[in-house]
Every structure is written in C-alpha cells, then in structure tokens.
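Some notes on the structure that comes next.
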Amino acid sequence: MEPADNNTVELSAEIEQALRISEVAFETSDAIMITNADCFIIRVNQAFQDITGYSPDEVIGRNARMLNSGRHDKIFHAEVGMWQQLFQDGSWSGEIFDMRKNGETYPKWMKITAVANRDRQTTHYVGIFNDLSERNNREEEIRNLASYDKLTRLPNRHLFLDRFAEKLAKSTRLKSYGATLLIDLDRFKNLNDTMGHDCGDLLLIEVAARLKDCVREMDTVARLGADEFIVLIEDVSNDLDETSRRVGLVAEKIRECLSRPYFCNGHPLLTSSSIGVSLFCGSEIPVDVLVQHAEMAMYQAKNAGRDSIRFFDPVMQDRVNAHAALENDLRQAIGRNQFDLHYQMQVDNNHRPVGAEALLRWNHPDRGMVLPGVFIPIAEESLLILEIGNWVMDNACRQLALWAKNPETRKLTLAVNVSAKQFAIAGFAESVATMLKKHQVDPSRLKLELTESVMLEDMDGTVEKMHALKALGVSLSIDDFGIGYSSLSYLKQLPLDQLKIDQSFVQGITNDGSDAMLVQTIIDLATNFRMNVIAEGVETQAQLTFLKHHECMAFQGFLFGMALPVNEFERLLHRIAGGITGAFRAFNPMC
Ligand code: C2E
Ligand code: MG
Ligand code: MG
C-alpha cells in the first residue's frame, strides 16, 4: 500500500472532523430524515423515532410517502407545488399533516432541502421537521377559553352571536324559519345563596345537559351568563304557523324537562324556568335585536308568574319603543324647561283655603301636556325621578318663599309629592334641608306627601328618615292612604301628621257601602293616632257632606278647584278672600 502524502492526511482529518460535527448536529430535537433521490429513506435520527414512533429499522429502505396521512394529498403534491419548488429552489418548507405509527394524524413544520452533486443532479433529500400538535393544542385551548363557557362547556354569548349570524344567512338562502329560545332559571339566585355555589354550579351543568337533550344535534345551546341560556333552533319550516307550533312544543319540552328535580349531595332541588321565544326568517333583523326580542318575551314569561313560555309580540315591541322614546324625551325635559308646577287647593271644614298640593306638569312641544300618571312611573323606573324630584322641591320652595311675602298666601302650606325612590336615597333629608335654606323657607309651610310604599323596604331606615325630616320642622302626610299594604302597627311607629284618604274611596262613599265604611275607619284611625286627615278627589256636595259628617278635617278635589298654574291659583285665592260667591265654581270643571 502506498503511503499517503501529507495533503491527503490533512484532508481525511478534516473530513473526519466534519463528519463528527454533523453526527452531533444530527441528534437534535428536530426530526431528521434523509432519503435518496427517489425518496427512499436511508437515515433518520432519534427525534424522528420519538415523533413518528417508527424505529430506523422500520423505515430505512421504505418510501417517505409511508408517513403520509392522506389528509392533504392533493394540496401536498399538486397544489402547493412542493416538488416544483424543490426542483426550482432546492428547498421547500411548510405545515403538513403526517401520520404516526399509532395511526394518529399530527401537524408538523417541515423543511426539505435537496442535496445535489457536482453535476447538479439531486442525490438526496434532507427533511427536517418538528411536531406542532402541542402548540396547536395550546392555541385551540386559548380559542376555547374565549368562546366557551368554562363551567358548562357550552358556547358563550360571543360564539353564539357569531354562529347565529351564520345561521341567519343560511335561513335567508333557504327561506326557512328558525327560533331563539331564551331560558332563564326562576329564582336561581335564591337557590345559589341557600344551597351554596357548588350546588348552583352542578345545577347549571345539569341544565346545560338537559337542554342539549331536548334539541337536535344541529341546534345550538349556549350560555349567555349566570342562569341565562339560549337555544337556537334552525331550519324549522318554511311556514310561520308550522314553525310557531313546532317551536312551542320544543319550548314546552324544555320547560317540563328543566322543572324535573335535580340532585345535589343527595338532596333534591326544584327549579323552574321562564322561556322567551323569538322567531326569525332571514337576516333582516340583526342578531342582537332578535336576542333582545327573546329577552323581552322571557321577561313577559317572568311577569306572568314564571315557569312559563312567551312568544315575542311586535305590539309589545311598539309599546317598548314608545316607552323608550318617552324616557328619552323625559331626560331632556328639565334642560328644556318643559316642567311646570300646578297648584290644587286644599280647604278646611269651613272651606277656607289652608294650602295647596304641587302637581307636576310636563309641557312637551309635540306631545302636549303630559300628565304625571304617564311619566312619573317611567321617571321612577329610570331613576330620572331623583333629578325631577329635586327640581320639584326647588321650585316648590321658591314658590313658598314668594308666598311668604304676600299676606294672602303667607299662611298656606304646600304639599309636595315625594316618590319612594326619591325618599330612599341616602341624604334625602339633608337635600330637603338644603332647599329650605336656599330659599329661606319656614319649614312648617312644607308638607311632604309620601306613599305607603316607602314603608315596604326598610322600615327602620324609614322611621329614622322621617324623624330627621320632622326635626327640620316639615310635616309628613301619607298620600293615597288605604290602597297600600300597610299594617296598622307601622302607623304607631311613624311621626306622621296627616293621612290623605285615597280618591278612589272618596268617589265610592255615596254608592258603595264598603268604601263608606273604609273612609270612616281611616278618619277614626287618624283621630285616634292624633293625626289630621284630608280627603282627596272630592267632587260632589254629597261626598263633602258625608266626609264632614264623619269629621274629616280637610278636603281637596275638583269641588274646590282643579290643579291650576300659579297665577290662576292665586286669582282663585284672591276671589275667595274677597268673599266672591261661587269663586270655587269658576274653577271647578264639575260645575
Ligand atoms: P296624587 O298625589 O294622589 O295627586 C292627586 C291626583 O288627583 C292629581 O292628579 C290631581 O290632579 C287629581 N285630582 C285632584 N282632585 C281630583 C278630583 O276631584 N277628581 C279626580 N278624578 N282627580 C282629582 P295628577 O296631577 O294627574 O297627579 C297624579 C299623580 O302623579 C299624583 O297623585 C302623584 O302621585 C303623582 N305626582 C304628581 N306630581 C308629582 C311630583 O311632583 N312628584 C311625584 N313624585 N309625583 C307626582
Ligand atoms: Mg299627592
Ligand atoms: Mg293621592
């Protein structure tokens, strides 16, 4: 054998070194697979075995296609043009699905590089890849967290609305009707508080399962929040009546199913549900509005005594819209100076004016004069009553300050209506004190008319607040007395000055024996508790005679004048003071 020359020795040392380096590099955490030009595997590393599950013996000599999952054949070979790119550029990379030895399909990121000889002919391919399934699972998990309810695993509101929008598009194409059913558990909060949150959670999970059992696989059940679920039933029928009938049956099935007992730690629990249904066909009405419709119907079901089903009714929608428009206008009313106080006379036994009740009027440019019976309930619901009540108190006190300067009006008491919502706020007594001070009003001229409902919520707080008001020097009257739920025992505890007999009883006294009896009892009650008593809504001489006969002390009603703007009210007073006969009659719509 010829001895090697120096150059050859150096070269073989370099090759040996390079081989050692590539040997080490070969054992990385990325899988490496080397094939010949015909794609037959000639070498793989440990990571390859870890990811694919195949040992080198099982793959060497076989075509790399054996790893193929079949899931992306077309894309892989034809469309993506992997081979084309490999021929052109010598390398390709991308995400593909392959199959492990155990049959599991998995995503992987793969780079393939062609190795060419000096004649630029491909001799080998080196494929390097890593397993993407874990990363994809994490991404999936994050997507799930954002779209699914953790407790019940149902789609959440967000995902539901997305799916609903898709289904609406489909409904347009098919011209078919579908429905959303909004389901709210009755008194869930009570149950949660008394049985504990763990039981509450179990119940919600069970409700989710029962809901899914009640509908078809293709329908969607989602949890909107707390104890509110929604079901989307698609493609029911092309006929509205048929859809209503079928959806009604599903809703009834759900109602019945949810009312069956639940068990928590062996204890049976009972609950019921209120279900609101809105039907749809096509995508004319947006998804959030359809959900609102179902919600409105659900509240109707609640109002109907719970454990019931209601379909959304467009007439109800019109009413809701009108209500919203009125509330919107009401919000602007103070700023636009649309409120006014009218004054209705209160007289004593000798028909001498002793005071007036301030009654609010809303003069709307388009609606005309809106009466408090229409707007006060809306103001109470929206809490606008707080701002409005403050406006009334401010203007009533301003009027009292003006009256204090005039001998004809100086002795008048002004009764101001105070809503229970207004009375309930912390600092109400202080706000009255501030107004009295601002206008320098003698507090004994101000009378607050409260309704029996102020007693309903917090009796102790009410007693305390009334005492604070009494300490200011104002007097307190209970308005519409007799129609509330008040018990006699509270009367004892309250520092009241007056009971105001509700006009419905006054109107009945001459022809309804029980009303007459009631009025008589109220007058006796007031006398026994050392309160004075006023009758409101006195319209006829016969009513007045009866009331006087039973020793009622004061009167208010059309017989003595209706509620009038301040200048007309003052003119009426002036005529009475001047002894003009028939003065009342001139302002009495009943005469
Ligand atoms: P209310 O305090 O019981 O007022 C008596 C209502 O009966 C007034 O109606 C009055 O105009 C009417 N009325 C008076 N005399 C007669 C009569 O002889 N016959 C008949 N049929 N009705 C009579 P109005 O002004 O429409 O007020 C209705 C209700 O609105 C009031 O009932 C009161 O609860 C509320 N309200 C009025 N102004 C205010 C206010 O400033 N604040 C609050 N919170 N509520 C107010
Ligand atoms: Mg009143
Ligand atoms: Mg009243």
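All values derive from a computational prediction rather than experimental measurement. Ligands are counted one by one from 1 in listed order, and the atoms in each one are counted from 1 as well.
The aromatic rings of F560 and H351 stand perpendicular to each other, their planes meeting at an angle above 60°, with 30° marking the opposite boundary. Note on ring orientation: taking the six-membered ring where Trp is involved, the planes of F312 and H293 are parallel (angle under 30°, cut-offs 30° and 60°).
Inspection of the R331 and N328 side chains reveals no N or O donor paired with an N or O acceptor under 3.5 Å. Looking only at atom types and distance, the side chain of T180 has a donor-acceptor partner in the side chain of S278 under 3.5 Å away. Side-chain atoms of D524 and H550 include no donor-acceptor pair closer than 3.5 Å. Donor-acceptor pairing under 3.5 Å is recorded for the side chains of S274 and D186.
Closest approach of K421 to L386, counting heavy atoms only: O-CD2, 3.8 Å.
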Polar pairs, ligand 1 vs protein, N/O only, below 3.5 Å.
| from | atom 1 | to | atom 2 | distance (Å) |
| --- | --- | --- | --- | --- |
| ligand 1 | 2 (O) | E357 | OE2 | 2.9 |
| ligand 1 | 2 (O) | N417 | OD1 | 2.9 |
| ligand 1 | 2 (O) | D479 | OD2 | 2.8 |
| ligand 1 | 3 (O) | D480 | OD1 | 3.1 |
| ligand 1 | 3 (O) | E536 | OE1 | 3.2 |
| ligand 1 | 7 (O) | Q503 | NE2 | 2.7 |
| ligand 1 | 15 (N) | Q344 | NE2 | 2.8 |
| ligand 1 | 18 (O) | F558 | N | 2.8 |
| ligand 1 | 19 (N) | E539 | OE2 | 2.5 |
| ligand 1 | 21 (N) | Q503 | OE1 | 3.4 |
| ligand 1 | 21 (N) | E539 | OE2 | 3.0 |
| ligand 1 | 22 (N) | Q503 | OE1 | 3.1 |
| ligand 1 | 25 (O) | R361 | NH1 | 2.8 |
| ligand 1 | 25 (O) | R361 | NH2 | 2.9 |
| ligand 1 | 38 (N) | L360 | N | 3.1 |
| ligand 1 | 42 (N) | N417 | O | 3.4 |

Derivation and outcome, side-chain contact (heavy atoms from CB on, under 4.5 Å), residues F375 and D329: CA-CA 10 Å; F375 68 84; D329 284 0; over 6 Å; no
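Of the candidates I183, N156, L204, L204 is the only one forming a side-chain contact (heavy atoms from CB on, under 4.5 Å) with R223.
Around the Mg ion (ligand 2), the protein atoms of type N, O or S that sit closer than 2.8 Å are E357 OE2, N417 OD1, E449 OE1, D479 OD2.
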